[in-house]
Number of protein chains: 2
Amino acid sequence: MIKSGDKQMGKKDNISSSVIQRLPRYYRFLSELEKEGITHVNSGELAQRMRSTASQVRQDFNCFGEFGQQGIGYSVKGLTKEIENILGLKNRYPAILIGAGNIGTAIANQLTFENKCFQLIGIFDNDENKIGSEVAGLTVQSILSLDEFCKNNHVETAVLCVPKTAAAELAHQLYKLGIKSYWNFSHYDLKLLYPDIVVENVHLSDSIMQLCFRITQSTNIDKQ
Amino acid sequence: MIKSGDKQMGKKDNISSSVIQRLPRYYRFLSELEKEGITHVNSGELAQRMRSTASQVRQDFNCFGEFGQQGIGYSVKGLTKEIENILGLKNRYPAILIGAGNIGTAIANQLTFENKCFQLIGIFDNDENKIGSEVAGLTVQSILSLDEFCKNNHVETAVLCVPKTAAAELAHQLYKLGIKSYWNFSHYDLKLLYPDIVVENVHLSDSIMQLCFRITQSTNIDKQ
DNA sequence: GATAATTTGTTATAATAATAACGAATAAAA
DNA sequence: TTTTATTCGTTATTATTATAACAAATTATC
């Protein structure tokens with residue numbers, strides 16, 4: 001019998017975040033290969049698409065198991081399934097979203113129409129003008145009914161699309177409701193508050209600053 | 001005289017991307033310190049806020065120059081300015097955005113109201129229903145007028161909020177128009193097309209998969 | 001004014017990540 | 001059937017990144 005966490009399922013215990021960051025990319029390129037009708041791929045070809053090295057490709061997969069076959073390579077379908085398993089894409093996590101502004105609405109639509117693992121079951125806002133309106137097929141609820149909703153429904157994940165100023169207090173409330181995983185679009189570091197939570201940050205302003213840095217650097221180099 | 005690229009401006013030539021990724025975070029925490037009325041900070045306190053080590057803080061800054069004072073620490077205002085300089089936040093880059101959907105609209109608002117370095121001067125879409133409507137104070141233009149617009153206006157950066165299927169062709173068009181830097185929200189790796197461009201990717205679906213992985217992993221660990 | 005306490009900048013070390021090398025397994029060719 | 005060409009999985013090496021250690025500079029204290 002294979003239990004979750006069983007050694008048979010994987011090889012390494014502590015996977016480095018560098019490897020994890022590459023997994024969705026592998027998944028994406030494998031999907032493309034499948035669409036192109038390619039059934040088998042070797043580490044070199046995959047590396048070329050990923051702008052990586054064959055060595056790294058092989059070692060990345062080796063963290064989890066032996067997915068390939070010597071002399072042949074990897075089955076595109078098989079490898080796709082393995083990565084799906086590793087990432088847990090077959091799981092279904094009920095999620096709520098707080099903040100039905102521009103980004104909140106965009107993310108709500110993304111969650112509802114372009115994603116399977118997270119199922120958006122509630123949207124909340126504190127703006128009277130937004131409450132009652134429809135976003136991604138759901139009616140925006142008052143933030144005041146958040147507690148009751150979370151007590152009546154199992155909520156695994158919260159998506160935070162609120163301003164920085166509201167993030168800390170809101171996180172406190174959600175943590176007390178037992179929510180331990182967050183997709184965080186607010187410009188605030190939740191991880192500092194509670195070390196035992198899982199947070200995936202999308203800091204758009206950090207991203208824009210890095211773009212600014214790289215443009216500035218490249219134009220300076222050109223001028224030299 | 002200090003020229004750009006002059007050794008006086010910095011110390012290291014090749015800054016690692018790990019350091020660059022931390023810079024916006026430093027900037028953020030320094031802004032918070034300034035708001036709290038704190039004028040000076042030492043590497044240890046800053047490290048604590050950043051969830052880092054004093055050693056790393058000192059070494060990060062040392063890539064660019066000597067910003068602190070032995071026995072005292074760093075001036076919050078002074079350090080903020082230095083990071084602003086390094087990141088090039090004082091620059092003003094004209095930008096266009098393509099794809100006025102949900103995410104496009106959200107990003108357009110972010111660019112217009114919560115950012116200074118990029119100035120949004122044009123929004124384009126190919127959807128007849130969107131052309132002519134107003135987004136972030138600008139009128140959405142037809143994608144057919146993109147070429148003419150770019151020839152009449154200096155455009156430094158393009159923000160891509162289009163579906164994966166449209167990204168490659170669009171990037172080709174923009175590259176021909178001389179645009180070499182991209183804030184890319186489409187699920188496609190532009191860098192593969194043209195190695196000489198600057199791309200900052202925001203791959204939301206990669207982000208969501210990583211969140212899924214970490215939740216799945218943490219729930220499996222709990223069950224053991 | 002001398003000494004102790006801070007705290008930086010820098011060098012040395014340790015830890016991590018990426019690449020290269022190579023044996024073992026498989027398929028194709030001779 | 002044997003040999004050759006592939007290609008993985010794994011180990012060894014190199015490169016990169018993070019941490020620790022310590023001298024030099026500054027301030028505060030005695």
Looking at [X], does any N or O in its side chain come under 4.0 Å of the phosphate oxygens OP1/OP2 on [N]?
X       : N      : answer
B:Tyr74 : C:dG9  : yes
B:Arg22 : D:dT17 : no
B:Arg58 : C:dT11 : no
A:Ser55 : C:dA20 : no

Atom [atom1] of [X] and atom [atom2] of [N]: how far apart are they, to the nearest Å?
X       : N      : atom1 : atom2 : result
B:Asp60 : D:dT19 : CG    : P     : 10 Å
B:Ile15 : D:dT17 : CD1   : P     : 11 Å
B:Asn14 : D:dT17 : CG    : C1'   : 15 Å
B:Gln56 : D:dA20 : CD    : P     : 11 Å
A:Asn42 : D:dT6  : CG    : C1'   : 9 Å
B:His40 : C:dT8  : NE2   : C1'   : 13 Å
A:Glu66 : D:dT7  : CD    : C1'   : 14 Å
B:Phe64 : C:dT10 : CZ    : P     : 14 Å

### Query
Counting N and O atoms only, with roles assigned by atom type, does the side chain of A:Asn109 sit under 3.5 Å from a partner on the main chain of A:Ala106, one being a donor and the other an acceptor?
no
### Task
Please confirm whether the backbone N or O of A:Cys150 pairs with a side-chain atom of A:Asn153, one donor and one acceptor, at under 3.5 Å?
no
Considering only nitrogen or oxygen atoms on both sides, find all protein atoms under 3.5 Å from nucleotides 25-27 of chain C and state each distance.
{"from": "C:dA25", "atom 1": "O4'", "to": "A:Gln70", "atom 2": "OE1", "distance (Å)": "2.4"}
{"from": "C:dT26", "atom 1": "O4'", "to": "A:Gln70", "atom 2": "O", "distance (Å)": "3.4"}

## Note on the structure
Of C:dA18, C:dG9, D:dG9, the nucleotide closest to the side chain of A:Ser18 is C:dA18
#### Entry: Among D:dA18, D:dT7, C:dT10, the one nearest B:Asn62 by side-chain distance
C:dT10
#### Entry: Residue list, side-chain hydrogen bond (donor to acceptor under 3.5 Å, both in side chains) with B:Thr105, at least two apart or on another chain
none
### Message
Using the side-chain hydrogen bond (donor to acceptor under 3.5 Å, both in side chains) criterion, which residues pair with A:Glu82? Sequence neighbours excluded.
### Response
none
If you look at every strand shown and take non-hydrogen atoms under 4.0 Å, does [X] touch a base, only sugar-phosphate, or nothing?
X       : result
A:Phe61 : nothing
A:Ser43 : sugar-phosphate
B:Ser16 : sugar-phosphate

### Query
Do you see a donor-acceptor pair shorter than 3.5 Å between the side chains of A:Tyr93 and A:Ser181?
no
### Distance-only polar pair, side chains of B:Trp183 and B:Thr157, donor-acceptor under 3.5 Å
no
### Task
Check the pair B:Glu200, B:Tyr182 against side-chain hydrogen bond (donor to acceptor under 3.5 Å, both in side chains), reporting the backbone distance first and the verdict last.
CA-CA 6 Å; B:Glu200 172 70 18; B:Tyr182 299 87; over 6 Å; no
### Query
Applying ring pair (Phe, Tyr, Trp, His ring centres under 6.0 Å), which residue pairs with at least one partner in residues 35-54 of chain B are found, sequence neighbours left out?
none
### Query
Can you find a pair of side-chain heavy atoms, one from A:Leu23 and one from B:Met209, that are under 4.5 Å apart?
no
### Query
Under a 4.5 Å cut-off applied to non-hydrogen side-chain atoms, are A:Ile86 and A:Phe61 in contact?
no
With [X] via ring pair (Phe, Tyr, Trp, His ring centres under 6.0 Å) - residues at least two apart:
X        : result
B:Phe29  : none
B:Tyr188 : none
A:Phe113 : none

Below 3.5 Å between N/O atoms, which protein atoms pair up with nucleotides 12-14 of chain D? Just atom names and distances, please.
none

### Message
For residues 60-75 of chain B, which residue pairs pass the side chain to side chain donor-acceptor pair (under 3.5 Å) check, not counting sequence neighbours?
### Response
B:Lys11-B:Asn62, B:Arg22-B:Asp60, B:Tyr26-B:Asp60
### Message
Under the rule for side-chain contact (heavy atoms from CB on, under 4.5 Å), what residues qualify as partners of A:Ile20, not counting sequence neighbours?
### Response
A:Ile15, B:Gln210, B:Phe213
### Query
For DNA chain C, what residues of residues 76-84 of chain A have any heavy atom nearer than 4.0 Å?
none
#### Entry: Nucleic acid contacts of residues 26-33 of chain B, taken as heavy-atom distances under 4.0 Å to DNA chain C
none
